[in-house]
There are 2 protein chains.
Amino acid sequence: MESSVTLAQVARAAGVSASTVSRILNGTANVSVEKREAVERTLAQLNYQPNVLARGLAGGRTMNVGVLTQDISSPFYGEALRGVEQGLAGSGYVPVFMSGHWHEKEETEAIDLLLARRVDAMLILGGVTPDAGLREVAGRVPLVAIGRSLPDLGRQCLRVDNRHGAFLATRHLIELGHRSIAHIAGIPSHRDAQDRLEGYREALADAGIGFDPDLVLAGDFLEHSGFLATTRLVEGRGFFTAIFAANDQMAYGARLALHRKGLRVPEDISLVGFDDLAGSAYTCPPLTTVRQPVHEMGRAAARCVLRMLAGQPPALPPLQVQLVLRESTARRRAG
Amino acid sequence: MESSVTLAQVARAAGVSASTVSRILNGTANVSVEKREAVERTLAQLNYQPNVLARGLAGGRTMNVGVLTQDISSPFYGEALRGVEQGLAGSGYVPVFMSGHWHEKEETEAIDLLLARRVDAMLILGGVTPDAGLREVAGRVPLVAIGRSLPDLGRQCLRVDNRHGAFLATRHLIELGHRSIAHIAGIPSHRDAQDRLEGYREALADAGIGFDPDLVLAGDFLEHSGFLATTRLVEGRGFFTAIFAANDQMAYGARLALHRKGLRVPEDISLVGFDDLAGSAYTCPPLTTVRQPVHEMGRAAARCVLRMLAGQPPALPPLQVQLVLRESTARRRAG
DNA sequence: CTGAAAGCGCTTACAG
DNA sequence: CTGAAAGCGCTTACAG
């Protein structure tokens with residue numbers, strides 16, 4: 001049990017050459033039944049476990065797919081990672097996760113490490129690596145990106161229409177009679193945040209509602225910033241009856257801030273989020289939000305990588321955002 | 001940029017042997033300044049990236065630490081993984097994550113894969129692999145386990161006192177005047193669930209409160225089971241004024257069920273969870289719970305692995321559970 | 001201080 | 001169908 005058995009040891013024990021054992025292991029060629037059986041018996045007896053490193057070095061394929069995520073503990077990315085796991089399951093390829101923390105340097109290091117490890121393909125989830133860097137990686141191995149859109153590599157990018165999602169969220173509030181709708185935006189430099197803000201503005205414009213800069217505060221996509229922004233909104237001079245937060249985590253923070261100020265959701269203030277995290281169905285009240293099919297996105301991206309690895313052209317299904325109506329919004333009360 | 005530069009190419013370009021380049025890369029021996037400079041220049045020029053596979057195969061060390069987690073998207077394990085990342089940061093070792101989903105077969109496969117990959121050490125987070133299996137792994141590589149206690153390997157196991165945590169939670173409710181306290185337990189076969197149930201019973205006994213089996217329902221540690229259990233409790237004939245859920249996720253479900261039944265927290269029913277997930281500070285009301293320092297546990301486990309890798313004996317700091325008082329509990333109202 | 005050589009454990013043409 | 005041999009890209013005694 002102590003040290004590991006090698007191919008050569010198996011070959012000797014079974015009375016065949018290492019090549020033969022290798023061929024049986026990989027199904028690479030026909031082998032006589034007797035030899036096959038003899039080998040398979042010793043394989044089991046010795047409990048042989050191939051050395052993945054040697055295999056990768058010799059064969060040129062590691063069966064590893066590098067997955068660059070941003071935060072290993074993020075509920076949002078976590079869901080995508082599960083999708084990736086599922087999409088890869090049974091294919092023989094295994095994911096190798098690494099986090100970039102939205103830090104260009106860290107991301108670059110992670111990508112380099114993955115490449116040094118000779119991953120056969122790469123899956124990128126968000127991040128801030130410049131397009132050029134990603135394009136370079138794509139030149140070396142099959143690459144699929146989630147949450148990004150690389151020019152020239154459109155067919156390898158999976159990105160939902162954030163602008164449209166934000167539009168739906170805001171329009172929903174407008175349809176309920178709200179005219180003074182605050183927006184807690186995400187990190188200003190993030191493309192997703194920009195798109196969501198744009199969708200919000202578009203819906204307002206569509207309804208002939210003027211844009212009020214005082215009603216838009218920037219957050220950082222985390223709970224606390226939603227709490228802070230909402231506290232400021234309530235204490236500020238701007239009037240509002242609804243809030244559209246650029247993601248669910250900030251909506252959670254907003255909800256708590258309203259609670260602290262004695263404002264009820266949805267009776268006093270309506271609240272909408274974005275993402276539809278697993279927890280959003282269990283907040284009180286359950287959160288109305290824009291669903292991003294993250295899990296499916298992870299799966300689809302993994303499948304696409306598999307296709308490319310098999311020499312086929314990339315193909316990604318169209319995935320739509322969807323407004324999920326729960327209980328955090330209500331018709332604006334007269335008065 | 002296309003294909004990768006090898007050590008041999010660098011050596012040739014710099015006019016030295018491969019051995020020398022290797023030594024410079026690894027700081028293995030003294031090298032004359034001129035050669036060192038020449039090599040370092042070409043290294044940079046050619047943008048050399050060592051092949052990790054070859055390195056691992058030749059050197060016998062991969063600088064990889066296998067990390068077996070259960071669910072890559074779990075908020076609880078996710079926090080621990082972040083701790084592991086941090087604990088390993090800067091050490092040169094990188095974590096390789098794999099999920100077992102509390103499935104013995106999957107766990108075994110994951111562990112075997114990690115071993116086939118020649119990880120230098122292993123970190124185990126929970127799971128259902130029998131002690132014997134883990135002991136065997138521990139015989140091959142340095143191993144640290146979180147959330148398990150392996151006989152004979154106590155110094156390599158990090159596990160909080162679940163019984164005590166549950167005791168604290170229950171006693172807190174008792175001190176607030178509650179006498180009819182329901183418990184939503186975890187999966188009966190899980191050691192953690194058993195210990196927490198035990199702590200609950202102990203606190204009751206300590207206070208001279210009789211144990212009422214009707215007030216204990218089993219869940220599966222997920223939100224929905226907490227919702228279901230609570231709904232059944234409210235609809236059942238048993239009287240209760242407080243609930244202690246065996247983890248925060250079930251407490252979230254319980255909170256929603258109470259909300260649906262028109263019961264207020266904490267005015268009508270007090271609620272306590274276990275774990276102190278990141279989200280628990282943002283529920284409405286913020287959840288009183290038993291804090292497990294998961295992040296610190298991940299860090300400490302990683303540090304311990306590093307110690308063992310350096311040839312030192314394992315050492316793990318004592319980590320305590322702690323009752324975090326927030327706003328989901330209140331003194332039992334008269335009547 | 002520094003090379004040449006062997007070896008890590010596999011795979012894969014190359015011959016039969 | 002099946003071996004012997006070369007090679008993947010490194011590291012590390014072994015000699016100088």
Side-chain angles (χ1 to χ4, degrees), chain A residues 2-40 42-43 46-64 92 112-113 115-120 140, chain B residues 2-40 42-43 46-64 92 112-113 115-120 140:
Chain A
E2 180 48 35
S3 76
S4 358
V5 182
T6 70
L7 224 200
Q9 289 170 7
V10 173
R12 201 170 320 124
V16 299
S17 74
S19 323
T20 299
V21 179
S22 173
R23 286 183 189 111
I24 291 175
L25 249 20
N26 299 298
T28 303
N30 290 332
V31 174
S32 70
V33 237
E34 314 114 55
K35 299 219 172 194
R36 148 162 285 119
E37 285 176 349
V39 169
E40 273 165 356
T42 31
L43 240 23
L46 271 46
N47 185 28
Y48 172 74
Q49 305 284 4
N51 181 324
V52 176
L53 300 179
R55 201 172 246 194
L57 185 58
R61 296 194 320 165
T62 58
M63 302 305 282
N64 284 172
D112 284 347
L113 206 61
L115 253 20
R117 222 175 175 127
R118 297 303 186 267
V119 294
D120 294 332
R140 299 184 54 173
Chain B
E2 179 50 35
S3 75
S4 358
V5 183
T6 71
L7 224 200
Q9 289 170 9
V10 173
R12 202 171 317 126
V16 301
S17 74
S19 321
T20 299
V21 179
S22 173
R23 286 186 190 109
I24 291 175
L25 249 21
N26 299 300
T28 302
N30 290 332
V31 174
S32 70
V33 238
E34 314 114 54
K35 300 219 170 191
R36 148 162 287 120
E37 284 176 349
V39 169
E40 273 166 355
T42 31
L43 241 24
L46 271 46
N47 184 29
Y48 171 74
Q49 304 284 5
N51 182 325
V52 175
L53 299 179
R55 201 171 246 196
L57 186 58
R61 296 194 321 165
T62 58
M63 301 305 282
N64 284 172
D112 285 347
L113 206 61
L115 252 20
R117 224 176 172 125
R118 297 303 186 268
V119 294
D120 294 332
R140 300 183 54 173

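The chains referred to below are lettered A, B, ... by the order of the sequence lines, with proteins before strands, and numbering in each begins at 1. For the numbers below, each heavy atom of this structure counts, side chains included, while hydrogens, waters and symmetry mates do not.
- Of all heavy-atom pairs between A:R118 and B:N51, the closest is NE-ND2, 3.5 Å.
- For a distance-only test at 3.5 Å, the side chain of A:R23 qualifies as a donor-acceptor partner of the base of D:dG3.
- Residue A:N51 places none of its side-chain N or O atoms closer than 4.0 Å to OP1 or OP2 of C:dC8.
- Taking atom P in both C:dC14 and C:dC10, the straight-line distance is 24 Å, to the nearest Å.
- When the C1' atom of D:dT11 is taken as reference, atom CG of A:L57 falls 13 Å away, rounded to whole Å.
- With rounding to whole Å, B:Q49 atom CD is found 20 Å from D:dC8 atom P.
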CA sep, side-chain torsions, deciding dist, call: A:S22, A:S19, side chain to side chain donor-acceptor pair (under 3.5 Å): CA-CA 5 Å; A:S22 173; A:S19 323; over 6 Å; no
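- Nearest approach of A:T62 to A:R117, heavy atoms of both residues: CG2-O, 3.8 Å.
- Atom-to-atom, CG of B:L53 to P of D:dC10 comes out at 10 Å; the value is rounded to the nearest Å.
- Counting non-hydrogen atoms under 4.0 angstrom, A:T20 reaches the backbone sugars and phosphates but no base.
- Counting to the nearest Å, the P atom of C:dG9 and the CD atom of A:Q9 are 8 Å from each other.
- Annotation for A:L57 and B:L53: closest pair N-CD1, 3.9 Å, computed over non-hydrogen atoms.
- To the nearest 0.5 angstrom, B:M63 atom CE is 10.5 Å from A:L113 atom CG.
- Closest of all the heavy-atom pairs between B:P50 and A:A116 is O-CB, 3.4 Å.
- Pair assignment for D:dA4 gives none, since no Watson-Crick or G-U wobble pairing has each distance under 3.5 Å.
- Between B:S22 and D:dT11 there is a side-chain polar atom (N or O) within less than 4.0 angstrom of OP1 or OP2.
- Counting only heavy atoms from C-beta on, B:K35 has its side chain closest to C:dT2 among C:dT2, D:dC10, D:dG3.
- Among the heavy atoms of the strands lying under 4.0 Å from B:T6 are primed sugar atoms or P, OP1, OP2 only; no base atom is included.
- Applying the Watson-Crick and G-U wobble criteria (two distances, each under 3.5 Å), C:dA13 pairs with nothing in any strand.
- Note: CG (B:N26) to P (D:dA13) measures 12 Å, nearest angstrom.
- Between C:dT11, C:dG3, D:dG3, one nucleotide has an atom nearer to the side chain of B:S17 than all others, and that is C:dG3.
- Across C:dC10, D:dG9, D:dT2, the shortest atom-to-atom separation from the side chain of A:Y48 is found for C:dC10.
- Protein atom CG of B:D120 is 14 Å distant from nucleotide atom P of D:dT11, rounded to whole Å.
- Taking the C1' atom of each, C:dT12 and C:dG16 are spaced 16 Å apart, rounded to whole Å.
- In this structure, A:M63 atom CE and C:dC10 atom C1' are separated by 15 Å, rounded to whole Å.
- Counting only heavy atoms from C-beta on, B:S19 has its side chain closest to D:dT12 among D:dG9, D:dT12, C:dC10.
- Rounded to a whole Å, the CG atom of B:L7 is 18 Å from the P atom of D:dG7.
- Here A:S32 lies in heavy-atom contact (under 4.0 Å) with sugar-phosphate atoms only.
- Closest approach to the A:R55 side chain among C:dT11, D:dG9, D:dT2 is made by C:dT11 (side chain taken as heavy atoms from C-beta onward).
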